Amino acid sequence: MRTPPPAPWQRLTAVLTPLGWGILAGSLALYAAGFALGYPEPVVLATGGLLTLAAALAWTAPRPRLEVRREVTPLKVPRGDAAVAVLNVTNLGRRSLSGLRAQDRIGAAEHTVDLPRLPKGAVRTVSYPLPTDVRGEIPVGPLLLVRADPFGLTRRVRSYGSPVTLLVRPRTVALPVPPSGRAHHLEGPTSDNAPSGTVTFHTLREYVVGDDLRHVHWRSSARTGTLMVRQLIDASLPTTTVVLDTRDLTELAVDAAASVALAAARAGFPVRLVTGDGPVPDAKDPEAVLDRLALVRTGTGGITEPTRLARGGGSLVLVTPDPAEAGRVAGVRRRFDRVICVYVGTGTVAVPGVAVLPIGSLDALPLAWGSR
């Protein structure tokens, strides 16, 4: 990010810090006391304080010519993985600079980095870690570059660039696709990201290299002037419906739900996400699944009604810390080919017709999933 035009308040040569204002007030008081009492010593001290302030202002008055870039990498990261901000500062001026300090706001906190001396034309690169232990959106920025004098009496502050958002997603483990007892109905596609097949016409799209020329729709191609092909999909793919109980939400529950939904989405199977607040929109592909679950928060609504209203067919996977919900979900098992309850807790829960998988950690999910 290059240096933006300075705001009016940034055109000031420098501003006094609280310590600088204290030195100024003390010097004026000493001047007044020295002249009132006729003692030269307070006047000498006051003069020294004012000269120090003048030197500090001269130090920070010149506006430095800098090129500043700050990048956050990666912008999306699983909870607990590393994410860093990389700051590059280039001195475009004719003299060296020192006393530079970068202040970057990270969420509600502020991170400060002292930059080393910057000779003319030199580039300094520093990096600092970003917190990823809490799932959700973490705003990073704006970045402030502060130049202060060695005594800390004056400083110049300037903002660079715009804030960016770090998205901390759930952690996931690799799982096989939830099995379905029978094929899904053939009435039509349930997802735009279903893989290509030969069963059902879905839509028309522009031709890309490698498409089968037998699927070209010549009438539409002649009308639009662009070669159009018929997209045929396999509508028999079973849908995986993942229901997440958010009343007593834990990170383990979100991680488990993300792992199940991601396994189906990466295999190209349709996925539906449901919480106590209703269906989660736009969860159509692996990236969208993780993005949506990164923002899930504790809710107050129960999952009985959303589960009852969920469209049947395919597999139903309930993730809950409440063992009683496993019994309630048994009431809808006739509408689904297979019902699985991932119980985030300890102990044994037995429900006829429902595969209950108790887990105490995310690492235990693959083993429990394989034994269902």
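Computed from heavy atoms alone, side chains included, the values below leave out hydrogens, waters and symmetry copies. Residues: numbered from 1 along the sequence shown. This structure is a prediction, so every number in the text was calculated from the model and none was measured.
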Trainee: Are Lys76 and Arg169 close enough that some pair of their side-chain heavy atoms sits under 4.5 Å apart?
Mentor: yes

Trainee: Taking atom CZ as the centre, does Arg171 end up with more than 12 heavy-atom neighbours from other residues, nucleotides or ligands that are less than 6.0 angstrom away?
Mentor: no

Trainee: May I ask you to test the Trp218-Met228 pair for a side-chain heavy-atom distance under 4.5 Å?
Mentor: no

Trainee: Verify side-chain contact (heavy atoms from CB on, under 4.5 Å) between Arg70 and Val164, making sure each step is shown before the conclusion.
Mentor: CA-CA 10 Å; Arg70 192 254 289 115; Val164 297; 4.0 Å; yes

Trainee: Considering non-hydrogen atoms only, spot the tightest contact between Val289 and Ala265 and give its length.
Mentor: CG2-CB, 4.3 Å

Trainee: Answer whether the closest heavy-atom distance between the side chains of Pro163 and Val140 falls below 4.5 Å.
Mentor: no

Trainee: For the side-chain contact (heavy atoms from CB on, under 4.5 Å) test, which of Leu167, Val168, Asp291 pairs with Glu137?
Mentor: Leu167

Trainee: Is there a side-chain contact (heavy atoms from CB on, under 4.5 Å) between Thr246 and Val296? Walk through the geometry before answering.
Mentor: CA-CA 8 Å; Thr246 58; Val296 168; 3.8 Å; yes

Trainee: Between Glu71 and Arg69, does any side-chain N to carboxylate O distance fall below 4.0 Å?
Mentor: no

Trainee: For the side chain of Trp59 and the backbone of Pro150, is there at least one donor-acceptor N/O pair under 3.5 Å apart?
Mentor: no

Trainee: After noting the C-alpha distance and the side-chain angles of Thr154 and Asp149, does the key distance pass the side-chain hydrogen bond (donor to acceptor under 3.5 Å, both in side chains) rule?
Mentor: CA-CA 6 Å; Thr154 62; Asp149 66 275; 3.1 Å; yes

Trainee: Could you walk me through whether Val86 and Tyr128 pass side-chain contact (heavy atoms from CB on, under 4.5 Å), step by step?
Mentor: CA-CA 7 Å; Val86 181; Tyr128 40 96; over 6 Å; no

Trainee: Just so I know, are the side chains of Leu145 and Leu115 near enough to count as touching, which here means a heavy-atom distance under 4.5 Å?
Mentor: yes

Trainee: I'd like to know whether Arg135 forms a salt bridge (Lys or Arg N to Asp or Glu O under 4.0 Å) with Asp255, so could you lay out the CA-CA distance, the side-chain angles of the two residues, the decisive distance to 0.1 Å, and finally the verdict.
Mentor: CA-CA 10 Å; Arg135 179 177 47 85; Asp255 294 345; 5.8 Å; no

Trainee: Could you see if Val134 belongs to whatever hydrophobic cluster contains Val77? Use Ile, Leu, Val, Met, Phe, Trp, Tyr and a side-chain cutoff under 4.5 Å.
Mentor: no

Trainee: With the 4.5 Å side-chain cut-off for hydrophobic clustering, are Tyr160 and Val72 part of the same group?
Mentor: yes

Trainee: Looking at every heavy atom in both Leu293 and Ala257, which two are closest together, and how far apart are they?
Mentor: CD1-C, 4.1 Å

Trainee: Less than 4.5 Å apart, side chain to side chain, heavy atoms only: is that true for Leu87 and Leu143?
Mentor: yes

Trainee: Side chains of Leu92 and Leu66, heavy atoms from C-beta outward: is any pair under 4.5 Å?
Mentor: no

Trainee: When clusters are formed by joining ILVMFWY residues with side-chain heavy atoms under 4.5 Å apart, either directly or through shared neighbours, do Leu30 and Leu24 land in the same one?
Mentor: no

Trainee: Looking at every non-hydrogen atom in both residues, tell me the closest pair between Pro358 and Val356 and how far apart they are.
Mentor: CD-O, 3.4 Å

Trainee: Can you confirm whether Arg155 sits close enough to Val15 that some side-chain heavy atom of one is under 4.5 Å from a side-chain heavy atom of the other?
Mentor: yes

Trainee: Taking the side chain as everything from C-beta on, heavy atoms only, tell me whether Ser96 gets closer than 4.5 Å to Lys120.
Mentor: no

Trainee: Indicate yes or no for a side-chain donor-acceptor contact from Arg333 to the backbone of Phe336 under 3.5 Å, with no hydrogens or angles considered.
Mentor: no

Trainee: Check this for me: Tyr31, atom OH, are more than 12 non-hydrogen atoms of other residues, nucleotides or ligands nearer than 6.0 Å?
Mentor: yes

Trainee: When you measure from the side chain of Thr17 to the backbone N and O of Gly152, does any donor-acceptor pair fall under 3.5 Å?
Mentor: yes

Trainee: Can you get from Leu290 to Leu273 by hopping between Ile, Leu, Val, Met, Phe, Trp and Tyr side chains that sit under 4.5 Å apart?
Mentor: no

Trainee: Between Arg205 and Asp211, does any side-chain N to carboxylate O distance fall below 4.0 Å?
Mentor: yes

Trainee: Applying the side-chain contact (heavy atoms from CB on, under 4.5 Å) criterion to Leu316, which one of Thr240, Thr239, Thr241, Val242 satisfies it?
Mentor: Thr241

Trainee: Assess the residue pair Leu166 and Leu75 against the criterion (side-chain contact (heavy atoms from CB on, under 4.5 Å)); give the C-alpha distance rounded to whole Å, side-chain angles, the decisive distance to 0.1 Å, and a yes or no.
Mentor: CA-CA 5 Å; Leu166 170 67; Leu75 285 174; 5.5 Å; no

Trainee: When hydrophobic residues are tied together by side-chain contacts of less than 4.5 Å, even through go-betweens, does Leu153 share a cluster with Trp21?
Mentor: yes

Trainee: Could you check whether any side-chain N or O of Asp337 sits under 3.5 Å from a backbone N or O of Ser315, counting only pairs where one atom can act as donor and the other as acceptor?
Mentor: no

Trainee: So, are Asp285 and Arg266 salt-bridged, with charged N and O less than 4.0 Å apart?
Mentor: no

